[in-house]
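Lettering of chains follows the sequences in order, A, B, ..., and the numbering in each one begins at 1. For the numbers below, each heavy atom of this structure counts, side chains included, while hydrogens, waters and symmetry mates do not. Small disclaimer: the values here were computed from a predicted structure and weren't measured.
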Amino acid sequence: MWESKCWEEDTLLAYKAGFGMGCLCGCFLDPYVFTVWIISVARKLFDEMPFRDMGCWNAMISGFCQNGNAADALDVLIEMRSEGVKMDPVTVASLLTACAQSNDNLSGTLIHLYVIKHGLEFDLFVCNALINMYAKFGCLGHSQRVFHEMEVRDLVSWNSIVAANEQNDDPITALGFFNRMQLSGVKPDWLTLVSLASIIAQLSDAEMSRSVHGFILRRDWFREDVVIGNAVVDMYAKLGAIDSARTVFEGLPVKDVISWNTLITGYTQNGLASEANEVYCMMQECKEIIPNQGTWVSILPAYTHLGALQQGMRVHGRVIKNCLYLDVFVGTCLIDMYGKCGRLDDALSLFYQVPRMSSVAWNTIISCLGVHGHGEKAVKLFKDMIDEGVKPDHVTFVSLMAACSHSGLVNEGELYFHLMQKEYGIKPSLKHYGCMVDLLGRAGHLNKAYSFIKKMPVQPDASVWGALLGACRIHGNAEWGKLLQKACLKLIQRTWATMFCCQYLRNNREMGREGDHCEGLERFHHFKAGTCSCGDYW
DNA sequence: GTAGGGTTAG
């Protein structure tokens, strides 16, 4: 009796609150509005219940948790505890998931203590939720400990521990767990394959990628969920097999916005910015696909590479319309786009608007200042970064040393190379060594640069030799250049192709020829195909 | 009434 009364009252309440019949129909079209409304109805029903059993409390708590509303779930929990009702495994499993989603490490740990105190640590659902929660917090050791102490494990336990390792950048251990899972007789499902696709991409194992693809095709799992299709598109894109990624994408029975974003990102990250733009244009023709934050973050770097300022600005307009201009990911892409296209004032103004607690926005603006020869300003921003308590990372030093190099700040560059190791404990990568060679070579210290390469504790790659070759070119030292060319022709050709392409794009940008990159790309393909040598451009 | 999933910035 009271149930039907509540339904009628709430429908009326919603109507009075502005949901006329038209709006109410709108609720059913907009899942978010509908969810908010239906949860408020559930809460009202719950409040008016004369008696609540464990099922009712859990239904209310899990309802809030599943909709990402951890604060309201916590309110219900406090009410439940105040009535002397204890949490059972169902309550705990729901709350742990909410802690993971809201990155609430403290509450999650407190609930884990409750689990141990009340002997719930042998419950399968609780353990699986714990594995996943600790993985989301980045505490892989805790996830593994929970997994090892489990007496009974099911498919979800195995999938959780495989995904935990995969998502924390340990593909080898993840693969080890996958093999153990098979040995223990547990059959993988499509969610196992989602993790496996990502593991293979991280391991760059092209041969295994084909096996995984075939395994999924034989079971017709692309029809299970769009997620598995997106994972395979991403796997091929990350392996550089962008054509395979495109074929899988085109064959997907259902495509969502993430499918499109994945393909756009794939093209951008494989250096095919024009193709990324083509896919973005195709996406806009699909009326059922609404671009989101991921879309802007996928397409903006493509416009940066093309120097296509006008197109980038158009995206900026859409970002503002969607209230995403303060999003740290989108904001960083916009800073980079304006900065690399020569609009440093706009880049700086955006930089001071976006949240900058992490190093990424700082690295971007330091890099932008550096490529335009404002080394001293870049150094000043690095000092500001330290003053604001932001910890620099390996990318900060690449940007900073490159900035020093382009402005002839040799002493400063050397100083930061040492500071990075001594003060911040960052081991130099090939990129840092390349920066040092560029710094010394560009300043004319060719001998010093060569001795530096010889003393490197790791094998120099094309970028390191390329930096020295570039210096030979700048200082007109053809003799050294020819020697280097003979010594490592293959490496140099690749480096030259990249260098030429970058230089060409930069020139276009400076001349205001946005997006006119065809000639650069054509020459790049000649290099790749071996139909011309770097000597042709010497 | 409970647990597992895909893309993204420098």
Engineer: For ring-ring contact (aromatic ring centres under 6.0 Å, His included), just list the numbers for A:Trp158 and A:Phe147, CA-CA rounded to whole Å, side-chain angles, deciding distance to a tenth of an Å, and then say yes or no.
Structural biologist: CA-CA 9 Å; A:Trp158 284 103; A:Phe147 181 82; 5.0 Å; yes
Engineer: NZ of A:Lys86 versus P of B:dT2: gap in Å, rounded?
Structural biologist: 23 Å
Engineer: When the distance from CD of A:Gln167 to P of B:dT8 is rounded to whole Å, what number comes out?
Structural biologist: 13 Å
Engineer: Just so I know, are the side chains of A:Arg145 and A:Tyr134 near enough to count as touching, which here means a heavy-atom distance under 4.5 Å?
Structural biologist: no
Engineer: Short of 4.0 Å, heavy atom to strand atom, which residues of residues 321-334 of chain A count as contacting DNA chain B?
Structural biologist: A:Val328, A:Phe329, A:Thr332, A:Cys333
Engineer: Within the pair A:Gln269 and B:dT7, is there a side-chain N or O less than 4.0 Å away from OP1 or OP2?
Structural biologist: no
Engineer: Regarding A:Val395, tell me which of base, sugar-phosphate or nothing describes its non-hydrogen contacts under 4.0 Å with the strands shown.
Structural biologist: base
Engineer: OP1 or OP2 of B:dA9 less than 4.0 angstrom from a side-chain nitrogen or oxygen of A:Gln293, does that happen here?
Structural biologist: no
Engineer: Can you check the A:Asn261 CG to B:dT8 C1' distance for me, whole Å?
Structural biologist: 8 Å
Engineer: Expressed as a whole number of angstroms, how long is the span from A:Asn270:CG to B:dT7:P?
Structural biologist: 16 Å
Engineer: Could you tell me whether A:Asp53 contacts a base, only the sugar-phosphate backbone, or nothing, with contacts defined as non-hydrogen atoms closer than 4.0 Å?
Structural biologist: nothing
Engineer: Would you mind classifying the nucleic acid contact of A:Gln66 as base, sugar-phosphate or nothing, using non-hydrogen atoms under 4.0 angstrom?
Structural biologist: sugar-phosphate
Engineer: What nucleic acid atoms does A:Asn292 come within less than 4.0 Å of, heavy atoms only: base, sugar-phosphate, or nothing?
Structural biologist: nothing
Engineer: Could you tell me whether a side-chain N or O of A:His305 sits under 3.5 Å from a main-chain N or O of A:Ala302, the two making a donor and an acceptor?
Structural biologist: no
Engineer: Out of B:dT7, B:dA9, B:dA3, which has the shortest distance to the side chain of A:Val297?
Structural biologist: B:dA9
Engineer: For A:Ile365 and B:dA9, give me the distance from atom CD1 to atom C1', rounded to whole Å.
Structural biologist: 14 Å
Engineer: Could you go through the ring-ring contact (aromatic ring centres under 6.0 Å, His included) check for A:Tyr280 and A:Trp260 one step at a time?
Structural biologist: CA-CA 8 Å; A:Tyr280 173 68; A:Trp260 288 92; 9.9 Å; no
Engineer: When we call it a touch if two heavy atoms are under 4.0 Å apart, what does A:Val226 touch: a base, just sugar-phosphate, or nothing?
Structural biologist: base
Engineer: Would you classify A:Leu96 as touching base, sugar-phosphate or nothing, given that sugar-phosphate means primed atoms plus P, OP1 and OP2, and contacts are heavy atoms under 4.0 Å?
Structural biologist: nothing
Engineer: Under 4.0 Å, heavy atoms only, any strand: does A:Glu166 hit a base, just the sugar-phosphate, or nothing?
Structural biologist: nothing
Engineer: Would you kindly give the CG-to-C1' distance between A:Leu191 and B:dA3, to the nearest whole Å?
Structural biologist: 12 Å
Engineer: So, does A:Lys136 get its side chain near the phosphate of B:dA3, meaning an N or O under 4.0 Å from OP1 or OP2?
Structural biologist: no
Engineer: Which nucleotide in the set B:dT7, B:dA3, B:dT2 lies at the smallest distance from any side-chain heavy atom of A:Leu124?
Structural biologist: B:dA3
Engineer: Do A:Lys255 and A:Phe249 form a cation-pi contact, if we require the NZ or CZ to be under 6.0 Å from the six-membered ring centre and within 45 degrees of the ring's axis?
Structural biologist: yes
Engineer: At 4.0 Å (heavy atoms only), tell me whether A:Lys255 reaches a base, stays on the sugar-phosphate, or touches nothing.
Structural biologist: nothing
Engineer: Base, sugar-phosphate alone, or nothing: which one does A:Met60 contact when heavy atoms must sit under 4.0 Å apart?
Structural biologist: nothing
Engineer: Name the closest nucleotide to the A:Ala129 side chain, picking from B:dT2, B:dA3, B:dA9.
Structural biologist: B:dA3
Engineer: Atom CZ of A:Phe249 to atom C1' of B:dT7: distance rounded to whole Å?
Structural biologist: 12 Å
Engineer: Describe the nucleic acid contact of A:Ser298 in one word from base, sugar-phosphate, nothing, applying a heavy-atom distance below 4.0 Å.
Structural biologist: nothing
Engineer: Looking at every strand, decide which applies to A:Thr295 at a 4.0 Å heavy-atom threshold: base, sugar-phosphate, or nothing.
Structural biologist: nothing
